[in-house]
Amino acid sequence: MNQRASNLLDEALGLVDEGTNPWTLSGRVLLIEDCVETSATFLLHHLLKRALSTLSSNVVVFLALSQPFSHYDRVLRKLGCNLAAQKENNRLLFLDMLSSEFPDGGESGLVALYGKIEKVVSALIEENKKSITIIIDDLSLLEVAANGASNHVLDFLHYCHTLTSVFGCTLVALNHEDIYSSMEKPALILHLEYLADILMKTEPLATGLATDVHGQLTVLNKETWDGQGRSRNRIFNFHFRIKENGVEYFSPGSRA
């Protein structure tokens, strides 16, 4: 695989090289949407690794509603990232929310959760942490924990969104779009897509199943590109293949 093919996703996201470079997604909202046929968890894993692979002053606050810590640790080790070590070094703050339930529509519980996140972020800023990434895996389960009260979940996400402008945090959220396939797209998703600076969406191939291609990925990156504040949307489309120790990305039609 050539170097350009290996960097397709990072180019679409506007990420720079790992290591000593700053986290270039600060202050942005990234929404990941997937479906049963093409899970997008690999995108969340990629962003988690990249956030932890930059400057040591960067910290990730991870809200885990989908899997226990052992799962993420096992997956990230295959990608060359030791989450247990990052956790010990206080670069990863892991909030295990697998058994979380918010009674009465979730309002008080979500307000308390946001208060906890805001307190953590404020403390990290005081410690001179340069960049903070908040990752939510996943929004559909947060809605379940709130007994289906999507309006309270949306309020929670709006509060989290303020952290991107006030503190320059990055907000990453994964959601399963197909759970709403039997209804008109709800306000929660419409608002999230509006708030998102980058929208990443995985889908099955239009031509059906293929041996060496597991799905297609669309990245919509809303960029400000000139000194007058005008912006344009950049759209990237490519195929992907999930492998044991990572994911391969390539342009459509480049594989026979």
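The chain is numbered in sequence order, starting from 1. Bear in mind the structure is a predicted one, so any value in this text is a computation, not a measurement.
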About how many Å separate SG of Cys81 and NE2 of His46, when rounded to the nearest 0.5 Å? 12.0 Å

Evaluate whether atom OH of Tyr159 has more than 12 neighbouring non-hydrogen atoms of other residues, nucleotides or ligands under 6.0 angstrom away. no

Could you go step by step and tell me if Leu25 and Asp197 meet the side chain to side chain contact (heavy atoms under 4.5 Å, CB included) rule? CA-CA 10 Å; Leu25 296 177; Asp197 297 295; over 6 Å; no

Sub-4.5 Å side-chain heavy-atom contact between Met200 and Leu13: yes

Is the closest side-chain heavy-atom distance between Glu248 and Asp212 below 4.5 Å? no

Taking Val213's backbone N and O only, do any of them form a donor-acceptor pair with His239's side chain (distance below 3.5 Å, no angle check)? no

Does one hydrophobic cluster hold both Val247 and Ile32, with members joined at side-chain heavy-atom distances below 4.5 Å? yes

Without swapping roles, check the side chain of Gln216 against the backbone of Pro204 for a donor-acceptor pair under 3.5 Å. yes

Expected output: side-chain Ser140 to main-chain His176 donor-acceptor under 3.5 Å: no

For residues Asn221 and Ala12, report the shortest heavy-atom separation together with the two atoms involved. ND2-O, 2.8 Å

Side-chain heavy atoms under 4.5 angstrom apart, residues restricted to Ile, Leu, Val, Met, Phe, Trp, Tyr: same cluster for Leu174 and Leu195? no

Checking Glu244 now: which residues fulfil side chain to side chain donor-acceptor pair (under 3.5 Å) with it, not counting sequence neighbours? Lys78

Pairing of Arg50 and Asp10 as salt bridge, 4.0 angstrom limit: yes

Under the side chain to side chain contact (heavy atoms under 4.5 Å, CB included) rule, what do Glu193 and Leu220 come out as? Steps first, then yes or no, please. CA-CA 10 Å; Glu193 291 179 349; Leu220 169 61; over 6 Å; no

Check for a donor-acceptor pair, side chain of Ser122 on one end and backbone N or O of Lys119 on the other, with a separation under 3.5 Å. no

How many angstroms lie between atom CG of Leu83 and atom CG of Leu48, to the nearest 0.5 angstrom? 5.5 Å

So how far is it from Leu9 CG to Tyr249 OH, rounded to the nearest 0.5 Å? 4.5 Å

Does the pair Leu43 and Asp34 meet the rule for a side chain to side chain contact (heavy atoms under 4.5 Å, CB included), with working shown? CA-CA 10 Å; Leu43 295 172; Asp34 69 2; over 6 Å; no

How long is the gap from CD1 on Ile198 to CZ on Arg28, to the nearest 0.5 Å? 4.0 Å

Step by step, work out the side chain to side chain contact (heavy atoms under 4.5 Å, CB included) result for Leu63 and Ile117. CA-CA 10 Å; Leu63 279 67; Ile117 294 171; 3.8 Å; yes

Any donor-acceptor pair under 3.5 Å linking the side chain of Thr202 with the backbone of Thr38? yes

Can you check whether Leu79's main-chain N or O pairs, donor with acceptor, with Lys49's side chain at less than 3.5 Å? yes

Here the pair of heavy atoms bringing Tyr72 nearest to Gln67 is CE1-O, 3.1 Å

If two hydrophobic side chains count as joined below 4.5 Å and joins carry through other members, does Ile235 share a cluster with Leu31? yes

Closest approach of Ala146 to Val153 (non-hydrogen atoms, all atoms of both residues): CB-CG2, 4.0 Å

Residue pair Phe238 / Val219, side-chain heavy-atom distance below 4.5 Å: yes

Test your reading of the model: is there a side-chain donor-acceptor pair from Ser66 to the backbone of Leu141, 3.5 Å cut-off? no

Euclidean distance, Thr133 OG1 relative to Leu47 CG, rounded to 0.5 Å: 8.5 Å

With a 4.5 Å cut-off on side-chain heavy-atom distances among I, L, V, M, F, W and Y, is there a chain of contacts connecting Val144 to Leu142? no

Taking every heavy atom of Cys160 against every heavy atom of Tyr114, the minimum-distance pair comes out as N-CE1, 3.8 Å

Distance in Å, Ser108 OG paired with His152 NE2, rounded so as to fall on 0.5 Å steps: 9.0 Å

Please list, one pair per line, the donor and acceptor atoms closer than 3.5 Å that link side chains of residues 88-97 to other protein atoms, with sequence neighbours excluded.
residue: Asn89; atom: ND2; partner: Ala85; partner atom: O; Å: 3.2
residue: Arg91; atom: NE; partner: Ser56; partner atom: O; Å: 3.4
residue: Arg91; atom: NE; partner: Asn58; partner atom: O; Å: 2.9
residue: Arg91; atom: NH1; partner: Leu52; partner atom: O; Å: 2.8
residue: Arg91; atom: NH2; partner: Leu52; partner atom: O; Å: 3.4
residue: Arg91; atom: NH2; partner: Leu55; partner atom: O; Å: 3.0
residue: Arg91; atom: NH2; partner: Asn58; partner atom: O; Å: 3.2
residue: Asp96; atom: OD1; partner: Leu98; partner atom: N; Å: 3.1

Gln86 and Leu76, any side-chain heavy atoms less than 4.5 Å apart: no

Does some side-chain heavy atom of Leu217 sit less than 4.5 Å from a side-chain heavy atom of Leu8? no

Determine, using the 4.5 Å side-chain heavy-atom cutoff (strictly less than), whether Val111 and Ile134 are members of one ILVMFWY cluster. no

Closest non-hydrogen atom pair, Leu110 against Phe156: O-CD1, 3.5 Å

Between Thr170 and Ser26 the two heavy atoms that sit nearest each other are OG1-CA, 3.3 Å

Donor-acceptor under 3.5 Å (Asp138 side chain, Leu65 main chain): no

